Structure formats: C-alpha cells, structure tokens
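Below is one structure, written out as structure tokens; the observations come after it.
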Amino acid sequence: MSAAETGKHHGILLVISSPSGAGKTTLAHKLAEQEKLEFSVSYTTRAPRQGEREGIDYKFVTEDEFSQMIKRGEFAEWAEVHGNRYGTAVHTVNRALEDGKDYLFDIDYQGGAQIRRQWPDDSVLVFILPPSMAELERRLRRRATDTPEAIERRLAMATRELEHFGEYDFLVVNDNLETALKELSSIYVAARSARRRRGHYGQALLAEARQLARPPVLLSSK
Ligand code: ADP
Ligand code: 5GP
C-alpha cells in the first residue's frame with residue numbers, strides 16, 4: 001500500500017544504477033553524506049577489493065551463505081552481475097518503509113526493476129551515464145581495482161546495462177562530478193516534495209482547516 005493510502009510517511013527508495021565505471025558509487029557516497037541518507041549495504045559473493053570494509057561497503061558472504069539467504073527469503077531483490085551475486089536484504093527495505101527513513105541503493109538494472117515492481121510508489125530510479133564510452137573505459141582502467149580480464153568483462157557488459165536506461169525516472173550524465181552531484185541531489189530533494197509523499201500533510205492541514213470551521217468570507221464585488 002502506498003504512503004498516500006496509509007497516511008504513513010514511507011522513506012524513499014532511491015535507486016542509483018549505471019554501467020560499471022560511470023561513477024555511481026562515488027556519487028552515491030557523496031550524496032549519502034551530503035543529504036544524511038542511509039546507504040543500503042548489499043550482500044555479495046564477490047571478494048573484497050583493496051580498501052573495502054566488511055559491513056560498510058558490502059557484507060561479504062560465501063556462495064553457500066548467499067544461497068541459504070535466498071532460500072530463507074531474506075532478499076528483497078538479488079541478481080548475478082559480472083559473475084558474482086549481489087542482493088539487498090528485505091529488512092533494509094522494511095526499515096525504510098516502516099521507519100520513514102530514506103535509503104539509497106547502489107544496485108544494477110535487474111535490482112532496480114525488482115524494486116520498482118514491488119514498490120512503484122516508494123521508489124525513485126536514477127541512471128548515471130558516462131560522458132562517453134572512451135571515458136568509461138579510462139575510468140575503469142584508472143580505478144585499477146579489477147584485473148584486466150574483469151575490466152574487459154565490465155566493458156562488454158556496459159552495452160547491456162545501457163539498454164535499460166529507459167526504465168529509469170531520471171538520467172544524470174556524470175561528466176563533471178560536482179555538476180552531476182548537484183543534479184542528483186536536486187532529484188532527491190524534489191522527490192521528497194512529490195505530492196504523493198506530502199499528501200498526508202495536505203490532508204491533515206485540510207482537516208484542521210475544516211475543524212476550525214471559519215464561516216466563509218463574503219467578498220464584495222467592488
Ligand atoms: P561505479 O560505481 O559506477 O563502478 P566508481 O564510482 O567506482 O564507478 O567510479 C569509477 C572511477 O571513476 C573511480 O576511480 C572514480 O574516482 C572515477 N570518477 C567518478 N566520477 C568521475 C568524474 N566525474 N570524473 C572523473 N572521474 C570520475
Ligand atoms: P561492484 O562489484 O563494482 O561493487 O558492483 C557491480 C555491480 O553490482 C554494480 O552495478 C552494482 O550497482 C551492483 N550491485 C551492488 N549491490 C547490488 C545489490 O544488492 N543488488 C543488485 N541487483 N546489484 C547490486
């Protein structure tokens with residue numbers, strides 16, 4: 001049920017996706033810090049990269065643990081991306097919906113589609129585009145966190161990922177980082193003021209106004 005129907009304030013599920021290397025993790029972390037947004041920490045079967053911290057960047061689990069979690073129905077969505085599995089815990093989404101906290105999800109287009117299908121009124125989907133394919137490749141190589149084979153795999157996957165930009169509400173081109181962050185935060189701030197999120201304030205105010213029952217003012221025609 002949507003927030004407008006229950007009269008309860010649900011948190012926004014802000015989904016950010018992009019081809020690998022376009023800069024969504026950089027942007028997502030900057031936005032989370034700037035707007036004091038909760039960051040949804042995913043589960044993954046991928047090995048940690050240098051500098052990644054357990055429970056902060058990801059919750060790193062084995063293939064077997066991940067399969068057990070699927071069986072127990074603990075994922076709101078999960079997908080295989082670049083040969084590894086990634087998933088969002090049901091309890092994270094529930095916390096957003098029940099506590100009214102806004103959450104940011106750095107997930108791929110398969111996860112974005114699953115979130116949209118289940119929570120169409122509570123999700124806002126943003127796709128980050130690189131300025132060009134040449135720049136995408138440069139960023140992946142400069143990041144130097146993956147093996148040359150993994151970089152090739154990520155580049156090969158970029159076309160399939162880009163094919164899904166049409167399923168998103170907003171597109172942000174990450175050319176200049178500051179400009180892209182400004183656009184992203186504007187989208188988030190605007191989403192918070194959407195009528196269906198603020199409808200309960202309007203309803204409460206209208207009820208109060210009616211209760212005050214001031215007689216209508218007769219306007220003179222002069
Ligand atoms: P993704 O999460 O989409 O795979 P990252 O956030 O890891 O991408 O960014 C990929 C690389 O590009 C990183 O080294 C990051 O510092 C760099 N980067 C991100 N945004 C920009 C930008 N606007 N200009 C130049 N480099 C960027
Ligand atoms: P990376 O290995 O570079 O951290 O992430 C690879 C891809 O997996 C990225 O596109 C990222 O957005 C996606 N991803 C990370 N966590 C999740 C998740 O929980 N669910 C889904 N569907 N994708 C995720």
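Here the structure is a predicted model, which means the values were calculated and not measured. Order of listing sets the numbers, starting from 1, for every ligand and every atom in it.
For the pair I16 and ligand 2, the shortest N or O to N or O distance does not fall below 3.5 Å. Between R143 and ligand 1, at least one N/O pair is under 3.5 Å apart. Between R49 and ligand 2, at least one pair of N/O atoms sits closer than 3.5 Å.
Here is the list of ligand 1 atoms found below 4.0 Å of a heavy atom in S18: 3 (O). Numbered from 1 in the order shown, with element, the atoms of ligand 2 that lie under 4.0 Å from a heavy atom of T88 read 19 (O).
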Q) Given Y103 and T92, is the side-chain hydrogen bond (donor to acceptor under 3.5 Å, both in side chains) satisfied, shown in steps? A) CA-CA 8 Å; Y103 266 83; T92 304; over 6 Å; no

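Residue contacts with ligand 2 for E77 involve side-chain atoms from C-beta outward but no N, CA, C or O (heavy atoms, distance under 4.0 Å). If you look at I128 next to ligand 1, there are no close heavy atoms at all, none under 4.0 Å. At a 4.0 Å heavy-atom cut-off, ligand 2 touches V81 through the side chain alone. When heavy-atom distances to ligand 2 are checked against a 4.0 Å cut-off, R154 comes that close only through its side chain, counted from C-beta outward. Residue contacts with ligand 2, taken as heavy atom pairs separated by less than 4.0 Å, do not involve Q110 at all. Counting heavy atoms closer than 4.0 Å to ligand 2, residue K24 contributes side-chain atoms (C-beta onward) but none from N, CA, C or O.
Within the 4.5 Å cutoff, the side chain of R85 has heavy atoms near those of the S67 side chain. Residues F105 and L13 meet the side-chain proximity criterion, which asks for heavy atoms closer than 4.5 Å.
Closest heavy-atom approach to atom 20 (N) of ligand 1 among the candidates I16, N174, T26: N174. Of the candidates I115, D108, T25, the one placing a heavy atom closest to atom 22 (N) of ligand 2 is D108. Taking each of P19, S17, G21 in turn, the one with a heavy atom nearest to atom 1 (P) of ligand 1 proves to be G21. Remark: among candidates S17, S42, G111, the nearest residue to atom 19 (O) of ligand 2 is S42, based on non-hydrogen atoms. Closest to atom 8 (O) of ligand 2 by heavy atom, among Y109, Y43, Y86, is Y86.
Electrostatic pairing of R46 and D146 does not count as a salt bridge here, judged by no charged N lying under 4.0 Å from a carboxylate O.
Nearest heavy atoms, F75 versus V90: C-CG2, 3.4 Å.
Within the structure, ligand 1 lacks L140 among the residues with a heavy atom less than 4.0 angstrom away.
For the 3.5 Å distance criterion, the side chains of Q110 and D108 qualify, holding a donor opposite an acceptor.
Between F39 and H29, the ring-plane angle classifies as parallel under the 30° and 60° cut-offs.
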